[in-house]
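Any value given below was found using the heavy atoms of this structure, including those in side chains, with hydrogens, waters and symmetry copies removed. Here is how names work: the chains are called A, B, and so on, in the same order as the sequence lines, proteins then strands, and each is numbered from 1.
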2 protein chains.
Amino acid sequence: MDKIKNESSAEEKILAAAKKVFTSKGMAGARMQDIADEAGINKALLHYYFRSKEKLFEVIFFEAAQKLFPRINLIFESNSTLFEKIEKFTDEYITLMSENPYLPLFVLNEVSKNPEVFMKKIWGKQNIPQPQKFLTQIEREVKSGNIKKISPLHLLINLISMCIFPFVAKPMIQFTLGLDEMQFRNVMEQRKKEVAKFIIDSIKK
Amino acid sequence: MDKIKNESSAEEKILAAAKKVFTSKGMAGARMQDIADEAGINKALLHYYFRSKEKLFEVIFFEAAQKLFPRINLIFESNSTLFEKIEKFTDEYITLMSENPYLPLFVLNEVSKNPEVFMKKIWGKQNIPQPQKFLTQIEREVKSGNIKKISPLHLLINLISMCIFPFVAKPMIQFTLGLDEMQFRNVMEQRKKEVAKFIIDSIKK
DNA sequence: GTCTATAATTTGATAGAC
DNA sequence: GTCTATCAAATTATAGAC
């Protein structure tokens, strides 16, 4: 129970190192030796705590996937108004991505390399995003004439695209626009409001 | 999946096979044996035509990268009006991505794993996207009061995000929205007009 | 040019001392 | 729990026959 807080345990060091190596190199590109070096421990110790590379990867991947997805539901299923949901989503989601910039590309890439496994293991439970309520709400707002006529599906895709893509294309954006780390962070900070404003401007009457 | 034609030369068969394997598994995950099998030839022949795995990868990667990027410039640097450029960009770009759905994730992923090499080798020449003209055009339209006040930078990021992201997140979107291949294609076809309309609705006065 | 066989290297995983 | 040493399998690359 009484752990010295400054020193993390071997298991914690391994998990932190594995997260760093897997998210930057991917499952196929990561080396157990890289993770051991990064954790400052021996390679054999990885197998002592986590049976295999695949087991270790799954721990990191599922933690990442759950960070990326389920929070969407909390917003979609709340009782806020449409505009409130849009503002809340952009703010919270871009905040989350800013804290884990490598996460979206890592998860999307691994998912696309193994869609079947992804579906079964991650969303076999209760984590499936249920955008239906959000889609229905948009349709209702359109029909009641509160917003312009727009496809709920495309509005949803637009919202998510504008929040996540900048992190997927981070190195590309930084290079083409000549942004250093701090400038990139600032631009993402601005987007929390800019994206919501952009969307609302497009759909409000 | 495309069958590799019997009458094409060995080199062509290898390139087609390498494209398929590399874009689906990435550099680290691809196996020379996979490529040889896919091409219907022997593994040694890969090394006869292309010295090493890395050389073969570079051919595929640079071809893919050039398909993804330089066409942007043609639109950005044309003399069309802002609205025309937006409509042209969404239409042409989504068409291009629909023809190569695996390309964006492949390129973005490999770029992020090696940003330095990417910068030097791909854009050391004349292929660097020059969005400056487009950004200036937006600023001019804002100042002259033709469109709403908006950050040119964020408008550019929004435009590209909405065009490319759906292909990066293709498996995720298909699963959460329950779309088969044909339905996904149809949704992307709709987006050619929907995205342009969405943007123009947001910025027009 | 294309193949079979094999070398050389990398890498995930284990054995066993402490 | 942690280490060193080592195995076994996978994988890139080459040699040499045809």
Exercise. If you measure from the Lys or Arg side-chain nitrogens to the Asp or Glu carboxylate oxygens, is any gap between A:Glu181 and A:Lys170 under 4.0 Å?
Worked result: yes
For this session: Side chain of A:Ala10 only, please: which of D:dT4, D:dT14, D:dT2 is the nearest?
Result: D:dT2
Exercise. With a 4.0 Å cut-off on heavy atoms, is B:Ala36 in touch with a base, just the backbone sugar-phosphate, or nothing at all?
Worked result: nothing
Exercise. In whole angstroms, how far is the C1' atom of C:dT9 from the NZ atom of B:Lys53?
Worked result: 14 Å
Exercise. Does a side-chain N-to-carboxylate-O contact under 4.0 Å join A:Lys204 and A:Glu141?
Worked result: no
Exercise. Rounded to the Å, how far apart are B:Ile14 CD1 and C:dG1 P?
Worked result: 11 Å
For this session: Determine the contact category for A:Tyr48: base if any of its heavy atoms lies under 4.0 Å from a base atom, sugar-phosphate if only primed atoms, P, OP1 or OP2 are that close, otherwise nothing.
Result: base
For this session: Just do the side chain to side chain donor-acceptor pair (under 3.5 Å) check on A:Lys85 and A:Ser78 with the steps written out, would you?
Result: CA-CA 8 Å; A:Lys85 279 188 186 176; A:Ser78 79; 4.6 Å; no
Exercise. For DNA chain C, whose closest nucleotide is more 5', that of B:Tyr49 or that of A:Ala30?
Worked result: B:Tyr49
For this session: Determine: side-chain N/O of A:Arg51 to OP1/OP2 of C:dA13, distance under 4.0 Å, yes or no.
Result: no
Exercise. Rounded to the nearest Å, what distance is computed from the CE atom of residue A:Met27 to the P atom of nucleotide C:dT11?
Worked result: 13 Å
Problem set entry | Atom-to-atom span, CD of B:Gln33 to P of C:dC3 - whole angstrom | 12 Å
Exercise. With sequence neighbours left out, what residues match A:Tyr102 under ring pair (Phe, Tyr, Trp, His ring centres under 6.0 Å)?
Worked result: none
Seminar exercise, completed: Checking C:dA13, D:dC3, D:dT2 against the side chain of A:Met32 (C-beta onward), the nearest is C:dA13
For this session: Indicate whether any N or O donor in one side chain lies under 3.5 Å from an N or O acceptor in the other, for A:Gln33 and A:Asp37.
Result: yes
For this session: Give the nucleotide from the list D:dC3, D:dT11, C:dG12 with an atom nearest to the side chain of A:Leu45.
Result: D:dC3
Problem set entry | Separation of atom CG in B:Leu46 from atom P in C:dG1, rounded to whole Å | 15 Å
Exercise. Once you round it to whole Å, what is the distance between C1' of C:dG1 and NZ of B:Lys43?
Worked result: 18 Å
Problem set entry | Between D:dT11 (C1') and B:His47 (NE2): distance, integer Å | 9 Å
Exercise. Nearest-Å distance, CD1 (B:Ile41) to P (C:dT4)?
Worked result: 11 Å
